[in-house]
J.: 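The structure under discussion is supplied below as structure tokens; questions concerning it will follow.
Since the structure is predicted, the reported quantities are computational estimates derived from the model, not experimental observations. Quick note on labels: first sequence line is chain A, next is B, and so on, each numbered from 1.
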2 protein chains.
Amino acid sequence: MAVTPDVVSPPGLTTRMSADARRAQLIEVGWELLQSRPIHELPLDDVASAAGISRTLLFHYFPTKADFYFAVVSTMGKRLLHPPRLPEGAGAPDRIRSLVDGFVRLVERNRLSYTALVRGAGGGDQRIVELIADTRDALVPRWLDAADCPDTSPLTRLIVRGWLVGMEETVLAWDPRSVSREALVDHLTASFLAELALAEGRT
Amino acid sequence: MAVTPDVVSPPGLTTRMSADARRAQLIEVGWELLQSRPIHELPLDDVASAAGISRTLLFHYFPTKADFYFAVVSTMGKRLLHPPRLPEGAGAPDRIRSLVDGFVRLVERNRLSYTALVRGAGGGDQRIVELIADTRDALVPRWLDAADCPDTSPLTRLIVRGWLVGMEETVLAWDPRSVSREALVDHLTASFLAELALAEGRT
DNA sequence: CCTGCTAATTGAGCATCTGTCAACAAACGC
DNA sequence: GCGTTTGTTGACAGATGCTCAATTAGCAGG
């Protein structure tokens with residue numbers, strides 16, 4: 001009969017939140033769910049019901065699903081990859097070793113989150129692919145600084161970029177039962193220094 | 001009126017093909033379309049109409065969209081990455097250099113296809129992620145053989161795996177205007193040999 | 001305390017896309 | 001020719017991204 005929707009939602013169950021708090025909550029809930037399944041297997045209905053709201057409200061805060069996904073990945077990426085501070089006093093090898101060690105520990109503690117962020121990331125989404133590329137680009141000068149090589153050739157920067165991706169793969173594929181963490185960190189440190197010397201010497 | 005669907009398809013326009021030919025054609029068409037857009041932006045309607053058939057027929061050959069996607073990626077992956085044959089007579093450095101050079105040329109000629117296959121690949125699809133992982137695993141012993149290192153430690157295999165992924169990233173990010181191909185190939189070759197020596201020496 | 005405005009929230013509906021089902025028709029054997 | 005096999009199809013059902021008008025909770029001012 002009624003063309004107008006007759007709302008029957010129990011009055012006490014709807015909890016009203018501020019816009020910022022709601023946004024933060026939704027990102028949190030999305031992040032929670034995204035660790036166990038990739039984005040294209042996560043209907044927004046699930047996000048909404050997990051957050052205790054209607055799907056429409058989700059669209060109120062994030063105009064499209066891609067926007068929501070980007071917000072989640074971007075936020076959590078910043079939270080996970082907060083810039084590591086370099087140990088000042090030590091020599092270049094120690095600083096590199098510290099960076100390697102930090103990354104290995106990061107992956108050890110947040111393996112699931114990290115893979116969800118980097119591996120499942122994108123799913124073809126252009127913005128997220130760019131986000132990851134930018135993040136990697138920003139990492140290169142940081143490592144070069146740590147190695148006392150502020151000015152470098154394009155080849156060196158290219159090689160370091162590839163090396164970083166290789167390291168990521170190595171650490172993610174690493175099985176602590178067959179290789180100790182110390183051996184891994186030692187080798188990666190030596191590898192980076194050797195790679196850098198090779199690239200710079202060739203310039 | 002008629003509950004039974006009254007077919008009005010023009011009799012002459014439906015071209016009937018053998019099952020194998022149809023499968024091959026569909027994979028070909030899908031591959032064509034997948035180079036310009038990721039899988040989740042490609043409706044099966046488009047594939048069907050591009051192939052000149054109804055969407056239903058596509059489901060007859062591939063029970064689900066994921067199956068179709070896997071078939072495309074798997075087929076084209078085999079076609080693109082047909083195992084490179086090693087030059088027999090030369091020494092280890094020459095063989096490695098040949099492998100590196102082959103990969104660089106492969107990417108130069110098929111950059112778009114390669115990125116579509118490896119980068120867009122997955123999109124979260126479990127089977128495709130595993131397919132790529134398996135392909136990389138299979139590559140490691142091939143490169144180790146070329147370097148005359150058939151028996152190696154777990155650390156070495158792990159490092160080589162990471163190095164291969166790093167090389168892929170390097171070549172994909174490579175800009176020929178700032179780094180010549182010869183310099184790239186030279187460096188990657190030297191890098192692999194240095195990395196291998198480092199890993200083996202440490203064992 | 002009430003009134004009215006702002007903004008958070010929602011149900012209903014639309015469009016698109018995946019996957020199903022029964023029916024039709026083109027080739028092939030007898 | 002006739003029946004069987006199977007390539008092929010239109011129509012329908014279910015799920016999901018997204019839109020819109022309506023409803024209501026909170027808050028400021030009288």
Side-chain angles (χ1 to χ4, degrees), chain A residues 1-27 29-30 33-34 37-72 123-125, chain B residues 1-27 29-30 33-34 37-72 123-125:
Chain A
M1 262 61 171
V3 178
T4 70
D6 44 340
V7 180
V8 258
S9 62
L13 291 187
T14 63
T15 51
R16 197 186 173 97
M17 294 176 63
S18 86
D20 285 355
R22 190 60 94 185
R23 268 188 80 96
Q25 180 215 9
L26 291 176
I27 288 179
V29 167
L33 296 177
L34 278 173
R37 38 189 162 158
I39 181 64
H40 67 279
E41 287 179 9
L42 177 65
L44 290 187
D45 291 290
D46 290 13
V47 180
S49 77
I53 62 171
S54 75
R55 197 176 63 258
T56 307
L57 189 55
L58 224 167
F59 281 103
H60 175 78
Y61 287 104
F62 305 95
T64 187
K65 182 176 183 180
D67 288 318
F68 174 64
Y69 185 49
F70 181 78
V72 171
D125 188 303
Chain B
M1 275 57 178
V3 179
T4 70
D6 44 341
V7 181
V8 257
S9 63
L13 291 187
T14 64
T15 51
R16 195 187 174 97
M17 294 176 64
S18 84
D20 287 354
R22 192 57 96 182
R23 268 187 80 95
Q25 181 217 7
L26 291 176
I27 288 179
V29 167
L33 296 176
L34 278 174
R37 38 187 164 162
I39 180 64
H40 67 279
E41 288 178 9
L42 177 64
L44 290 189
D45 291 287
D46 290 13
V47 179
S49 77
I53 62 172
S54 75
R55 197 178 64 256
T56 309
L57 189 56
L58 225 168
F59 281 103
H60 174 77
Y61 287 104
F62 305 95
T64 188
K65 183 177 184 178
D67 288 318
F68 175 64
Y69 185 49
F70 181 78
V72 172
D125 188 304

J.: Roughly how many Å is it from CD in Glu41(B) to C1' in dT16(C), rounded to a whole number?
T.: 14 Å
J.: Please examine the side chains of Gln25(B) and Asp20(B), heavy atoms only from C-beta on, and report whether any two atoms are closer than 4.5 Å.
T.: no
J.: So, does the side chain of Thr56(A) form a donor-acceptor pair with the base of dG11(C) at under 3.5 Å?
T.: yes
J.: Between P on dT16(D) and NE2 on His40(B), what's the gap in Å once rounded to a whole number?
T.: 16 Å
J.: Any N or O donor-acceptor pair linking the side chain of Thr64(A) to the base of dG17(D) at under 3.5 Å?
T.: no
J.: In whole angstroms, how far is the C1' atom of dT16(D) from the CZ atom of Phe68(A)?
T.: 15 Å
J.: With respect to the side chain of Pro43(A), which nucleotide from dA8(C), dG11(C), dG17(D) is positioned closest?
T.: dG17(D)
J.: Taking the nucleotide of DNA chain D with the closest heavy atom to each, which residue, Arg22(B) or Pro63(A), is nearer the 5' end?
T.: Arg22(B)
J.: Sequence neighbours left out, what pairs pass salt bridge (charged side-chain N to carboxylate O under 4.0 Å, His left out) with at least one residue falling in residues 56-65 of chain A?
T.: none
J.: Decide yes or no for Leu44(A) and Val47(A): does some side-chain heavy atom of the first lie under 4.5 Å from some side-chain heavy atom of the second?
T.: yes
J.: What nucleotide among dG7(D), dA25(D), dG10(D) has an atom nearest to a side-chain atom of Ala19(B)?
T.: dG7(D)
J.: In whole Å, I'd like the distance from the CG atom of Leu57(B) to the C1' atom of dT8(D).
T.: 6 Å
J.: If you compare every side-chain N and O of Tyr61(A) against the phosphate oxygens of dA8(C) (OP1, OP2), does one of them come in below 4.0 Å?
T.: no
J.: Ser54(B) side chain: which of dG19(C), dG10(D), dT19(D) is closest?
T.: dG10(D)
J.: Roughly how many Å is it from CG in Leu58(A) to C1' in dT16(D), rounded to a whole number?
T.: 13 Å
J.: Roughly how many Å is it from CG in Asp46(A) to C1' in dA15(D), rounded to a whole number?
T.: 11 Å
J.: From CG of Asp45(A) over to C1' of dA15(D), roughly how many Å is that when rounded to an integer?
T.: 8 Å
J.: Answer yes or no: is there a side-chain heavy-atom contact under 4.5 Å between Asp125(B) and Ile39(B)?
T.: no
J.: Roughly how far apart are Phe59(A) CZ and Phe68(A) CZ, rounded to 0.5 Å?
T.: 10.5 Å
J.: As a test of reading the structure: which of dG19(C), dT24(D), dT10(C) is closest to the side chain of Arg55(B), going by heavy atoms?
T.: dG19(C)
J.: Indicate whether OP1 or OP2 belonging to dG7(D) is found under 4.0 Å from a side-chain N or O atom of His60(B).
T.: yes
J.: Taking only the side-chain heavy atoms of Ile53(B) (C-beta and beyond), determine which of dT8(D), dA8(C), dT9(D) contains the nearest atom.
T.: dT9(D)
J.: For the pair made of CG in Leu44(A) and P in dG11(C), what is the distance, rounded to whole Å?
T.: 16 Å
